[in-house]
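Worksheet: one structure, shown below.
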Amino acid sequence: MSSMAREVASMLTGRRVRDVLVPGWIDRDDSVPEFRPQPLVVWLRLDEGLVRLASEGQYDHLTARRVTAADWSDVELLAEAEDEVVLASYGEQLFGDGRDEWNCTAVRAYVSGPRHAGGTRTPVIRGLALDFAGGRSLFLDPAWTFGIRMGNRADEADWVVKHGGDTVLESLRPPVPAHG
């Protein structure tokens, strides 16, 4: 197994996810201002710091890294936006269970397989699933037309049917933090 799932799991080990943050801008062109999500990057807000997930390359794979603050200066669409860029809280919309934190119980990274990687290319994450205590799941598809598509276990199952044959599944269960 490559270290893709292990790297993501290590970012979540001993941490609680408090929110999912999505950048976008406030469109004030009409009489009612509207939030326009632009999820080329999303952040998992942890009890300490964040995990930045970004659609990279030809918007065909996902990268993950720990960061101390949300920054989109390297995302041209957001950095050069004429409208005000803000972060929206999606945690409740995605999980809808009234909790204010979630412990990650499993990580599934769908990594580029031999047919996709061309034999010499470094494996990359094509899809990422995170399971949380309480039966909630978050699936991230970095190849969606508008950035990272966020969904649930049903969306993951649909993705696997369509794209799973070109990937290798790496699965890992990070230790769940003790409540203190």
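Just so you know, residue 1 is the first one in the sequence shown, and it goes up from there.
The CG atom of Asn103 sits 9.0 Å away from atom CG of Asp47, with the distance rounded to the nearest 0.5 Å. A distance of 14.5 Å separates CH2 of Trp72 from CD of Glu80, quoted to the nearest 0.5 Å. Between the CZ atom in Arg18 and the CG atom in Leu46 there is a gap of 9.5 Å [rounded to 0.5 Å].
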Original post:
Checking side-chain contact (heavy atoms from CB on, under 4.5 Å) for the pair Phe132/Thr105: CA distance, chi angles, key distance, verdict?
Top reply: CA-CA 5 Å; Phe132 297 94; Thr105 60; 5.6 Å; no
**OP:** Evaluate the salt bridge (charged side-chain N to carboxylate O under 4.0 Å, His left out) criterion for residues Arg28 and Glu34: first the C-alpha distance (whole Å), next the side-chain angles of each, then the deciding distance (0.1 Å), finally the verdict.
**Re:** CA-CA 7 Å; Arg28 299 183 191 281; Glu34 294 181 17; over 6 Å; no
**OP:** Please assess His61 against Thr63 for the test side-chain contact (heavy atoms from CB on, under 4.5 Å), listing each intermediate value before the final yes or no.
**Re:** CA-CA 7 Å; His61 67 275; Thr63 60; 4.3 Å; yes
**OP:** Would you please test Trp102 and Arg16 for side-chain contact (heavy atoms from CB on, under 4.5 Å) and show each step?
**Re:** CA-CA 6 Å; Trp102 302 273; Arg16 293 179 181 93; over 6 Å; no
Subject >> side-chain contact (heavy atoms from CB on, under 4.5 Å) between Arg15 and Arg66, intermediate numbers included >> reply: CA-CA 12 Å; Arg15 303 277 181 240; Arg66 286 285 309 268; 3.5 Å; yes
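Between Leu50 and Leu21 the shortest side-chain heavy-atom distance falls below 4.5 Å. Using a 4.5 Å heavy-atom threshold, the side chains of Met150 and Leu138 count as touching. The closest side-chain heavy-atom distance from Leu12 to Leu44 is below 4.5 Å. Within the 4.5 Å cutoff, side-chain heavy atoms of Asp60 are placed close to those of Arg126.
In terms of the ring pair (Phe, Tyr, Trp, His ring centres under 6.0 Å) criterion, residue partners of Trp159 (sequence neighbours excluded) are, by chain and number, Tyr110, Phe139, His163. Qualifying ring pair (Phe, Tyr, Trp, His ring centres under 6.0 Å) partners for Phe146, counting only residues two or more places apart in sequence or in other chains: Trp144. Applying the side-chain contact (heavy atoms from CB on, under 4.5 Å) test to Leu77 and every residue at least two apart in sequence or in another chain returns Trp25, Gln38, Leu40.
Grouped with Val32 in a hydrophobic cluster is no other residue, since no side-chain heavy-atom contact under 4.5 Å to another Ile, Leu, Val, Met, Phe, Trp or Tyr is found. As a member of the Ile/Leu/Val/Met/Phe/Trp/Tyr network built from side-chain separations under 4.5 Å, Val161 groups with nothing else and remains a singleton.
Val67 and Leu87 fall within the same hydrophobic cluster, defined by Ile, Leu, Val, Met, Phe, Trp and Tyr side-chain heavy atoms under 4.5 Å apart, directly or through other members. The hydrophobic clustering, which links ILVMFWY residues whose side-chain heavy atoms are closer than 4.5 Å, places Tyr59 and Leu128 apart. In the hydrophobic clustering of this structure, Val107 groups with Met11; members are Ile, Leu, Val, Met, Phe, Trp, Tyr whose side-chain heavy atoms approach within less than 4.5 Å, directly or through other members. Residues Tyr90 and Val86 share a single hydrophobic cluster, defined by chaining ILVMFWY side chains whose heavy atoms lie under 4.5 Å apart. No continuous path of hydrophobic side-chain contacts links Val42 to Val75 [ILVMFWY only; heavy atoms under 4.5 Å].
Note on residues 142-157: pairs passing salt bridge (charged side-chain N to carboxylate O under 4.0 Å, His left out), not counting sequence neighbours, are Arg108-Glu156, Asp131-Arg153, Asp141-Arg149, Arg149-Asp155.
Closest approach of Leu78 and Val85 over heavy atoms only: O-CG2, 3.6 Å. Closest heavy-atom contact between Pro39 and Val22: CB-CG1, 4.0 Å. Across all non-hydrogen atoms, the minimal contact from Val111 to Pro123 is CG1-CB, 3.3 Å. In terms of heavy-atom proximity, Ile125 sits nearest to Gly127 at CG2-O, 3.3 Å. Nearest heavy-atom pair across Ser55 and Leu62 is N-CD1, 4.4 Å. Heavy-atom minimum distance, Leu53 versus Ala64: CD2-CB, 3.5 Å.
Looking at Asp74 and Arg52, a side-chain N of the basic residue comes within less than 4.0 Å of a carboxylate O on the acidic one, giving a salt bridge.
Using modelled atom types, one finds a donor on one side chain and an acceptor on the other under 3.5 Å when comparing Asp19 with Ser89.
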